[in-house]
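Report on one structure; see the data block that follows.
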Amino acid sequence: MEHEEHLKLLAKIATGDRAAFQTLYDATCAQLYAVGLKILTRKDLAEDAVQEAYIRIWHNAGEYQQGRGTVLTWMISIVRYRALDALRYHNVRKEEQLEETNYFSEHELSQLPAQEKRQLDYCLDELENKQKQAIHLAYFCGLTHQEVTQHIDSPLGSTKSLIRRGIALLKRCLGL
């Protein structure tokens with residue numbers, strides 16, 4: 001579906017048109033879910049983030065500004081913010097932290113030959129937990145250094161150093 005079609009649907013949604021909302025949802029839900037899942041890595045949390053995003057889209061459809069990007073870009077940014085809020089919420093509440101041994105998705109790990117996977121696991125175990133978490137958030141969740149800083153509650157300079165030293169240690173351990 002093109003931007004112009006999204007724009008027409010969004011205008012109708014702003015007037016309360018449920019059928020237009022359903023059409024926009026059907027056209028965009030897979031893309032928005034993929035964004036949420038990439039950031040949160042858990043299906044249930046990604047589903048919640050996407051649901052919250054669509055509620056915001058429904059209520060704020062009239063606030064979309066064309067000069068700030070396409071409708072889809074606007075929607076993706078809403079999902080992204082919802083997902084980042086979920087990461088922060090779970091970190092602050094200590095209800096859900098990233099598992100120590102599962103910093104990469106199963107799909108990413110399944111693509112590696114067994115020997116490389118064992119080597120990567122070994123090298124990751126050599127890093128301190130905060131380094132593993134920062135690297136995962138930056139490289140696999142797509143968070144900026146500033147967002148990683150907020151998530152791990154560390155100053156920006158320390159976060160950048162933590163990531164840089166962690167990557168250097170991984171490279172050395174992996175023989176790169």
Side-chain angles (χ1 to χ4, degrees), residues 1-112 117 120 132-154 156 159 163:
M1 186 176 280
E2 294 180 29
H3 171 68
E4 293 301 319
E5 293 175 52
H6 288 159
L7 194 55
K8 289 175 187 174
L9 291 171
L10 201 59
K12 290 179 182 179
I13 293 167
T15 66
D17 187 329
R18 291 176 187 260
F21 183 75
Q22 183 66 51
T23 302
L24 185 65
Y25 175 86
D26 291 342
T28 60
C29 66
Q31 290 168 295
L32 298 187
Y33 176 72
V35 170
L37 188 60
K38 183 71 175 170
I39 294 169
L40 294 164
T41 69
R42 277 188 37 194
K43 290 179 181 181
D44 60 331
L45 295 178
E47 289 168 357
D48 289 346
V50 171
Q51 180 179 4
E52 289 176 25
Y54 275 110
I55 290 169
R56 283 189 180 241
I57 291 164
W58 172 258
H59 290 292
N60 298 318
E63 296 176 17
Y64 166 74
Q65 297 173 3
Q66 283 190 40
R68 295 188 146 191
T70 67
V71 172
L72 186 59
T73 302
W74 177 70
M75 293 172 68
I76 288 171
S77 70
I78 293 172
V79 170
R80 189 171 182 273
Y81 287 122
R82 295 289 83 214
L84 293 173
D85 285 346
L87 279 176
R88 288 182 197 106
Y89 171 82
H90 289 295
N91 187 45
V92 169
R93 299 266 189 247
K94 303 291 185 214
E95 291 177 5
E96 178 64 36
Q97 292 193 5
L98 295 172
E99 297 175 27
E100 283 188 35
T101 58
N102 192 21
Y103 281 84
F104 303 92
S105 75
E106 288 302 315
H107 174 72
E108 291 161 336
L109 290 175
S110 70
Q111 302 301 312
L112 292 175
K117 183 179 180 309
L120 179 60
K132 285 189 281 191
Q133 187 177 24
I135 289 169
H136 174 75
L137 291 170
Y139 288 93
F140 290 90
C141 294
L143 272 63
T144 65
H145 284 140
Q146 185 64 42
E147 292 165 335
V148 173
T149 294
Q150 292 169 351
H151 184 72
I152 65 173
D153 193 29
S154 178
L156 181 60
T159 299
I163 292 171

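Note that the structure is predicted; figures quoted are calculated from it, not measured.
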Of all heavy-atom pairs between [X] and [Y], which one has the smallest distance, and what is that distance?
X     : Y     : answer
Gly36 : Val79 : N-CG1, 3.9 Å
Ala49 : Leu40 : CB-CD1, 3.9 Å
Leu24 : Tyr54 : O-OH, 4.5 Å
Gly69 : His3  : O-CE1, 4.3 Å
Leu7  : Tyr64 : CD1-CE2, 3.4 Å

Reported [atom1]-to-[atom2] distance for the pair [X] and [Y], which is rounded to 0.5 angstrom:
X     : Y     : atom1 : atom2 : value
Arg18 : Thr23 : CZ    : OG1   : 14.0 Å
Ile57 : Phe21 : CD1   : CZ    : 6.5 Å
Cys29 : Gln51 : SG    : CD    : 12.5 Å
Thr28 : Ile76 : OG1   : CD1   : 9.0 Å
Gln65 : Trp74 : CD    : CH2   : 10.0 Å
Leu9  : Gln22 : CG    : CD    : 11.5 Å

Can we say Glu2 and Lys8 salt-bridge, meaning some charged N sits less than 4.0 Å from an Asp/Glu carboxylate O?
-> no
Applying side chain to side chain contact (heavy atoms under 4.5 Å, CB included), run through Thr41 and Leu37 and close with a yes or a no.
-> CA-CA 5 Å; Thr41 69; Leu37 188 60; 5.7 Å; no
State whether the side chain of Asp17 and the backbone N or O of Ile13 hold a donor-acceptor pair below 3.5 Å, judged by distance alone.
->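 Answer holds: no.
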Between Asn60 and Glu63, does a side chain to side chain contact (heavy atoms under 4.5 Å, CB included) hold up when you go through it step by step?
-> CA-CA 5 Å; Asn60 298 318; Glu63 296 176 17; 3.5 Å; yes
Are side-chain heavy atoms of Ile39 and Arg80 found at a separation under 4.5 Å?
->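 Result yes, sub-4.5 Å side-chain heavy-atom pair found.
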Test side chain to side chain contact (heavy atoms under 4.5 Å, CB included) applied to Glu147 and His151, step by step | CA-CA 6 Å; Glu147 292 165 335; His151 184 72; over 6 Å; no
Please check if atom OH in Tyr33 has more than 12 non-hydrogen atoms from other residues, nucleotides or ligands closer than 6.0 Å.
-> yes
Ile163 and His145: side chain to side chain contact (heavy atoms under 4.5 Å, CB included), yes or no, with the steps?
-> CA-CA 9 Å; Ile163 292 171; His145 284 140; 3.4 Å; yes
